[in-house]
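In what follows, a single structure is set out as structure tokens and then discussed.
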Amino acid sequence: MAKDIETTAEQGGGEFSAKDYHDPPPAPLLDFDELSKWSFYRACIAEFIATLLFLYVTVLTVIGHKVQTDPAKNTVDPDCGSVGILGIAWAFGGMIFILVYCTAGISGGHINPAVTFGLFLGRKVSLIRAIMYMVAQCLGAICGCGLVKAFQKTYYNNYGGGANELQPGFNKGTGLGAEIIGTFVLVYTVFSATDPKRSARDSHVPVLAPLPIGFAVFMVHLATIPVTGTGINPARSFGAAVIYNKEKAWDDQWMFWVGPFIGAAVAAFYHQFILRAAAIKALGSFRSNN
């Protein structure tokens with residue numbers, strides 16, 4: 001196990017204090033013991049409920065924006081009658097901040113199959129946990145969108161159901177690129193905000209991990225809502241497509257799985273093998289043992 005020791009001078013004196021940390025051991029690829037633990041199922045339930053709440057609030061916000069900007073519904077001032085793209089971005093980013101804060105100590109607060117996939121590649125979770133999280137997230141997203149449709153069926157059907165679709169004027173390559181880069185920003189932020197080395201090195205600067213993660217979601221939405229409606233979360237896109245169930249949403253669905261998974265994989269590789277030099281550390285450990 002790699003161990004880094006950093007020494008920093010205290011202000012106003014010549015004394016030094018050593019800060020050390022240990023990287024947590026990598027998660028096993030297959031950990032069947034998890035299946036016998038209540039904490040594992042509790043974490044899956046937390047992911048399900050968190051994703052349900054995430055989709056419920058955010059899809060309602062999207063539909064409300066479309067209703068309020070419809071000239072037939074808002075005859076006073078359609079341009080100023082809704083939260084706008086800024087408000088939608090805040091809804092997504094704010095909900096991620098809230099839900100990650102609430103569930104981080106239970107499940108890790110993934111709420112996104114792309115985040116789970118990236119953390120799996122980084123050996124932070126086992127394959128079994130990753131698969132179960134993704135299933136829970138997708139089911140939660142379906143149920144969240146189902147609640148929106150149950151409460152506002154007419155508006156849901158008439159205003160797109162919050163489904164992700166490639167917007168007019170953009171080709172599929174542009175949409176795919178937007179999803180890859182947007183998810184890279186999110187997953188890179190997740191790795192950085194939860195890095196144990198950062199906690200040890202910058203202990204004098206408290207970092208509330210959900211805050212930068214929520215802001216990453218907010219900023220990515222500002223940039224990519226005009227392109228794809230912003231997926232960067234396959235469960236979010238899948239749940240909306242299942243309940244809305246229109247051809248256009250399904251035609252573009254592949255983009256909202258392939259893009260986020262590629263972006264997550266690149267972010268995991270960049271953080272673990274370039275910034276944290278995991279391969280070099282492993283090689284050094286191998287040489288020292290021989």
Locate the shortest heavy-atom distance separating Ala130 from Val125; write the atom from each residue and the value. CB-CG2, 4.2 Å
Check: Ile180 main-chain N/O paired with Thr183 side-chain donor or acceptor under 3.5 Å: no
Gln272 and Lys124, any side-chain heavy atoms less than 4.5 Å apart: yes
How are the rings of Phe218 and Trp90 set relative to one another: parallel (under 30°), tilted (30 to 60°) or perpendicular (over 60°)? parallel
Show your working on side-chain contact (heavy atoms from CB on, under 4.5 Å) between Leu35 and Tyr41 and close with a plain yes or no. CA-CA 8 Å; Leu35 298 175; Tyr41 297 100; 3.9 Å; yes
Rounded to the nearest 0.5 Å, how far does OG1 of Thr116 lie from NE2 of His110? 5.0 Å
Tyr156 atom OH, neighbour heavy-atom count above 12 within 6.0 Å: yes
Dump the intermediate steps for side-chain contact (heavy atoms from CB on, under 4.5 Å) on Val258 and Leu176, then the final yes or no. CA-CA 8 Å; Val258 175; Leu176 181 63; 4.2 Å; yes
Centroid-to-centroid, Phe238 to Phe256, below 6.0 Å? no
Heavy atoms, side chains only, cut-off 4.5 Å: are Ile63 and Lys66 in contact? no
Pairing donors with acceptors under 3.5 angstrom, does anything connect the side chains of Thr228 and Glu165? no
Can you check whether Leu186 reaches Val220 side chain to side chain, under 4.5 Å on heavy atoms? no
Could you tell me whether Phe40 atom CZ has more than 12 heavy atoms of other residues or ligands within 6.0 Å of it? yes
Hydrophobic clustering (ILVMFWY, side-chain heavy atoms < 4.5 Å, transitive) - are Ile111 and Ile131 grouped together? yes
Contacts of Lys246 meeting side-chain hydrogen bond (donor to acceptor under 3.5 Å, both in side chains) (sequence neighbours excluded), chain-then-number -> none
Enter the distance from Ser237:OG to Ile232:CD1 here, rounded to the nearest 0.5 Å. 9.0 Å
Can you find a heavy atom in the side chain of Phe269 that is under 4.5 Å from one in the side chain of Leu121? no
Among the clusters formed by ILVMFWY side chains lying less than 4.5 Å apart, do Ile225 and Leu55 turn up in the same one? yes
Between the side chains of Asp195 and Ser192, does any donor sit under 3.5 Å from an acceptor? no
Is any side-chain heavy atom of Leu52 closer than 4.5 Å to one of Leu147? yes
Closest non-hydrogen atom pair, Pro226 against Ile85: CG-CD1, 4.5 Å
State, to 0.1 Å, how close Val59 and Gly162 come at their nearest heavy-atom pair, and which atoms those are. CG1-CA, 4.2 Å
From Asp252 CG over to Trp257 CH2, what is the distance, rounded to the nearest 0.5 angstrom? 15.5 Å
Residues Phe97, Phe215; criterion side-chain contact (heavy atoms from CB on, under 4.5 Å); working and verdict: CA-CA 8 Å; Phe97 169 70; Phe215 262 103; over 6 Å; no
Main chain of Phe170, side chain of Thr174: is a donor-acceptor contact present, judged purely on distance under 3.5 Å? no
When you group the ILVMFWY residues by side-chain heavy-atom contacts below 4.5 Å and let the links chain together, are Val100 and Ile106 in the same group? no
Once you measure the plane-to-plane angle for Phe261 and Phe117, does it fall in the parallel (<30°), tilted (30-60°) or perpendicular (>60°) bin? parallel
Quick check: is Ile128 connected to Phe120 through a chain of hydrophobic side chains (ILVMFWY, heavy atoms under 4.5 Å apart)? yes
Beyond-backbone contact of Cys145 with Tyr56, side-chain heavy atoms, under 4.5 angstrom: no
Here the gap from Met134 atom CE to Thr51 atom OG1, rounded to the nearest 0.5 Å, amounts to 12.0 Å
I need the minimum non-hydrogen distance between Thr103 and Ala50, along with the two atoms involved. CG2-CB, 4.1 Å
Report the C-alpha separation of Trp250 and Val242 in whole Å, then their side-chain angles, then the decisive distance to 0.1 Å, and conclude whether the side-chain contact (heavy atoms from CB on, under 4.5 Å) test is met. CA-CA 8 Å; Trp250 286 116; Val242 167; 3.7 Å; yes
If you measure from CD on Gln152 to CG on Asn157, what distance do you get to the nearest 0.5 Å? 11.5 Å
Exercise: identify the closest heavy-atom pair between Gln253 and Pro234: OE1-O, 4.4 Å
side-chain hydrogen bond (donor to acceptor under 3.5 Å, both in side chains) partners for Ser126, two or more places apart: Glu34
Same cluster for Val135 and Tyr133 if Ile/Leu/Val/Met/Phe/Trp/Tyr side chains link at under 4.5 Å? no
Using modelled atom types only, decide if a donor and an acceptor are shared between the side chain of Asn164 and the backbone of Ala249 within a distance under 3.5 Å. no
Can you find a pair of side-chain heavy atoms, one from Val83 and one from Ile88, that are under 4.5 Å apart? yes
What heavy-atom pair brings Ala268 and Gly118 nearest, and what distance separates the two atoms? CB-O, 3.6 Å
Determine, stepwise, if the pair Ser107 / Glu47 fulfils side chain to side chain donor-acceptor pair (under 3.5 Å). CA-CA 7 Å; Ser107 65; Glu47 287 292 313; 2.6 Å; yes
Between atom CZ of Phe191 and atom CG of Leu275, what is the distance when rounded to the nearest 0.5 Å? 11.0 Å
Parallel, tilted or perpendicular: rings of Phe92 and His221 (30°, 60°): parallel
Check whether any side-chain heavy atom of Leu53 sits under 4.5 Å from a side-chain heavy atom of Val57, and report yes or no. no
